[in-house]
Protein chains: 2
Amino acid sequence: MKVTIKDVAKLAGVSKSTVSRVLTNSDNCSERARQKVLEAAEKLNYKPNALARAMITKKTGNIGLIIYQKHKPILSHPFYAPIVEAIVDTSRKKGYSLFIASDQDINASSAELLLEKRVDGIIFASFIDPSIVLKYKNLGVPLVLLNNSVDIEGISYVTCDNYLGAYKAVNYLVQKGHTYIGFLCGPLQHRSYTERYKGYVAALEDNGIKVQEDLIRIGESTLSDGNRLMNQLLHSTRIPTAVFASNDMMAIGAIKAIKKKNLNIPRDIGVIGFDDIEFGTLIEPALSTVHVDKTKMGELAVELLIDEINKNTSTSKKNIIPTEVIIRESS
Amino acid sequence: MKVTIKDVAKLAGVSKSTVSRVLTNSDNCSERARQKVLEAAEKLNYKPNALARAMITKKTGNIGLIIYQKHKPILSHPFYAPIVEAIVDTSRKKGYSLFIASDQDINASSAELLLEKRVDGIIFASFIDPSIVLKYKNLGVPLVLLNNSVDIEGISYVTCDNYLGAYKAVNYLVQKGHTYIGFLCGPLQHRSYTERYKGYVAALEDNGIKVQEDLIRIGESTLSDGNRLMNQLLHSTRIPTAVFASNDMMAIGAIKAIKKKNLNIPRDIGVIGFDDIEFGTLIEPALSTVHVDKTKMGELAVELLIDEINKNTSTSKKNIIPTEVIIRESS
DNA sequence: GGCAAAAATGGGAACGTTACCAGCAATTCT
DNA sequence: AGAATTGCTGGTAACGTTCCCATTTTTGCC
């Protein structure tokens, strides 16, 4: 554990400069020296100390993923989990090690910590306060926003096309003859939900359908809130013939509520969700939804961050992954 | 970004030794000096360089989580995701930063990398080759095994009580009058599945029921394999009246297969799974299963690792979390 | 074989921190 | 009052690398 470059140098009979050259760049060194060094390193089971290296190169080869976590399940949330998985895989593939942290406070204290540890860059997933983004941006920290966007010039982000996805979903329901469509909406502080909200409104208006306030129910993006809000709709004077939920968890909660009322899906009420989480296919009826390529989002976030680290501005900073409606049994 | 301890010292009018003392231990320094240093640090927005600190203290405050990933979804697997979430949370609570890596090869190459980065310890989740464990153990690396155990003296691990959980589940089925009980089994290389296998066999034998080879179907621990293996059982000459699946994903696959045959659950065939993943409650019928406290497993793994790092041997090295049968609708 | 150019090498500084030790001032004790 | 103890302080040496530059060795050419 304590074998250093000096030990390798001594055994190989060269200077530590030479060892360093062989082990890093390998240019400007003789074949004879290379062999001796490699042999010695192997024999001593030498592992370079990445800390010491980072001290002088100013690159740790580490990046951070920070997920803002207001509600408990976030890493294990069926929407984020595949994204995180993709980030883990892509980081490794690109030669970076990954710190993962989740923040409960909005001040991004994990970010401070990771910055002390000198990560090369940070991915902020889910919600983040724009002022925090601006602060780090001004500090020159390479960063990428994931599933959240901010109107600050020069900030890279990856989102999916929330607006168009919602628009297409609602438009589909209208094409199917629905005119009285409920909307179970997640918290509007989160940009993705405001976009989905706008998509819902626009689709109705473009089809000449008046937007009704009491069809729109806003709550947390959880199964239980989906259930609760759907029950509200089911107990209103006029029951919608279809419901668009701004995420699948809410949609699943809604389905539970509808089935409990002994109403048939999709005959009595059609349901369509958003996110395309894995378990949407397992419930009955299988959930119609808006597909989001979560793996792609994770991959892209890492690639964008690495571009940011390398000041490679060739790639576009703003990436909006297309979304598409998937019709299964619930609509 | 480039403000160092030296800058703080200059502004505060003291030596860098004093600054270091104030910022780390804060013992043996005057109140006057402390104030000046704290003020200067604040003013300059000084952030200590954790790399330089780690160089000399030999402690990075970082730990690594390595998940062996033979099949694609692992981090986003409904069993592992809550464990990982608990590990993230607990690490932060205990003041450690967490690297997460997943390994596709069994040689644990991520471990090598993390060791170069001088993590203070490593949690190995899921399967790992005992020879790798032994190698790192001998190297003196603090490590903890999670959801896997190895018969090597002095290795800490956290598992759940696979044997007893399986035993109790099968015993329950027997008490309900079943005597011809199928078993959908995950890969036996993984220790948790061999334990569950043993529990199945023991429960039958203790009840005087002969273990029938053709009732036991071994495959991957996936939904699709659960489906496939269940179909095999459904097409055999004698169809079991109940099925025990060694994990919930297989159980859900089995339920799909049974329902497709238009058989009733639990009337025609009872099903019981293992793991208690979230979505077991959402399918129909709600899945009976063996509950595993995944959050506890994650927490304990981190705590054990930190004990290991601090050479604190007061806590038990072998932690087996109790499991309990939860009966819902499928049995 | 001599000389210039190129290639390879080694020594030391640097990265930013903490650990160690010696020194100095202030306080306490006899 | 002098000695002993205590509390603070600053200088310097680490930690293990890579970078820079000067030096040595090799190569290429006539």
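Ion pairing between Glu308(A) and Lys317(A) holds under the 4.0 Å rule for side-chain N and carboxylate O. A salt bridge between Glu85(A) and Lys294(A) is absent, with no side-chain N of the basic residue lying under 4.0 Å from a carboxylate O of the acidic one. For the pair Arg191(A) and Asp151(A), the salt-bridge criterion is met [side-chain N within less than 4.0 Å of a carboxylate O]. For Glu112(A) and Lys135(A), the salt-bridge test passes: some basic side-chain N is under 4.0 Å from an acidic carboxylate O. Using a cutoff of 4.0 Å between basic side-chain nitrogens and carboxylate oxygens, Arg34(A) and Glu31(A) are scored as salt-bridged. For Lys94(A) and Asp89(A), the salt-bridge test fails: no basic side-chain N is under 4.0 Å from an acidic carboxylate O.
Put simply, the side chain of Lys93(A) does not reach to within 4.5 Å of the side chain of Val302(A), judged on heavy atoms. Using a 4.5 Å cut-off on side-chain heavy atoms (C-beta onward), Ile66(A) and Ile123(A) make no contact.
Computed from coordinates, the Ile56(A) CD1 to dC19(D) C1' distance equals 5 Å when rounded to whole Å. Rounded to a whole Å, the NZ atom of Lys2(A) is 16 Å from the P atom of dA14(D). What separates NZ of Lys117(B) from C1' of dC15(D) is a distance of 19 Å, to the nearest Å. Rounded to an integer number of Å, the gap from CE of Met55(B) to C1' of dA14(D) is 9 Å. The CZ-C1' distance, from Arg118(B) to dC15(D), rounds to 11 Å in whole Å. Separating the OH atom of Tyr46(A) from the P atom of dG16(D) is a distance of 10 Å, rounded to the nearest angstrom. Straight-line distance from the CZ atom of Arg53(B) to the P atom of dC15(C): 19 Å, rounded to whole Å. Asn49(B) has its CG atom 7 Å from the C1' atom of dT17(C), to the nearest Å.
Side-chain contact check for Tyr157(A) and Asn147(A): no donor-acceptor pair (N or O, by modelled atom type) lies under 3.5 Å. Side chains of Asn45(B) and Lys47(B): a donor-acceptor N/O pair is present below 3.5 angstrom, by distance only.
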With 3.5 Å as the limit, what N/O pairs link the protein to nucleotides 6-12 of chain C?
unit_1  : atom_1 : unit_2   : atom_2 : d
dT9(C)  : OP1    : Ser30(A) : OG     : 2.9
dT9(C)  : OP2    : Ser30(A) : N      : 3.1
dG10(C) : OP2    : Ser15(A) : N      : 2.7
dG10(C) : OP2    : Ser15(A) : OG     : 3.1
dG10(C) : OP2    : Thr18(A) : OG1    : 2.9
dG10(C) : N7     : Arg21(A) : NH2    : 3.2
dG10(C) : O6     : Arg21(A) : NH1    : 3.4
dG11(C) : N7     : Ser17(A) : OG     : 3.2
dG11(C) : O6     : Ser17(A) : OG     : 2.6

Dump every N/O contact between nucleotides 23-25 of chain D and the protein below 3.5 Å, one line per pair.
none

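For Lys6(A), no side-chain nitrogen or oxygen approaches OP1 or OP2 of dT17(D) to under 4.0 Å. Regarding contacts with the backbone of dG16(D), a side-chain N or O of Lys58(B) is found under 4.0 angstrom from either OP1 or OP2.
From Cys160(A), atom SG reaches atom CG of Asn319(A) across 12.5 Å, with rounding to the nearest 0.5 Å.
Each end of the helix from dG1(C)-dC30(D) to dT30(C)-dA1(D) gets its own axis from five base pairs, and the two axes differ in direction by 40°, given to 10 degrees.
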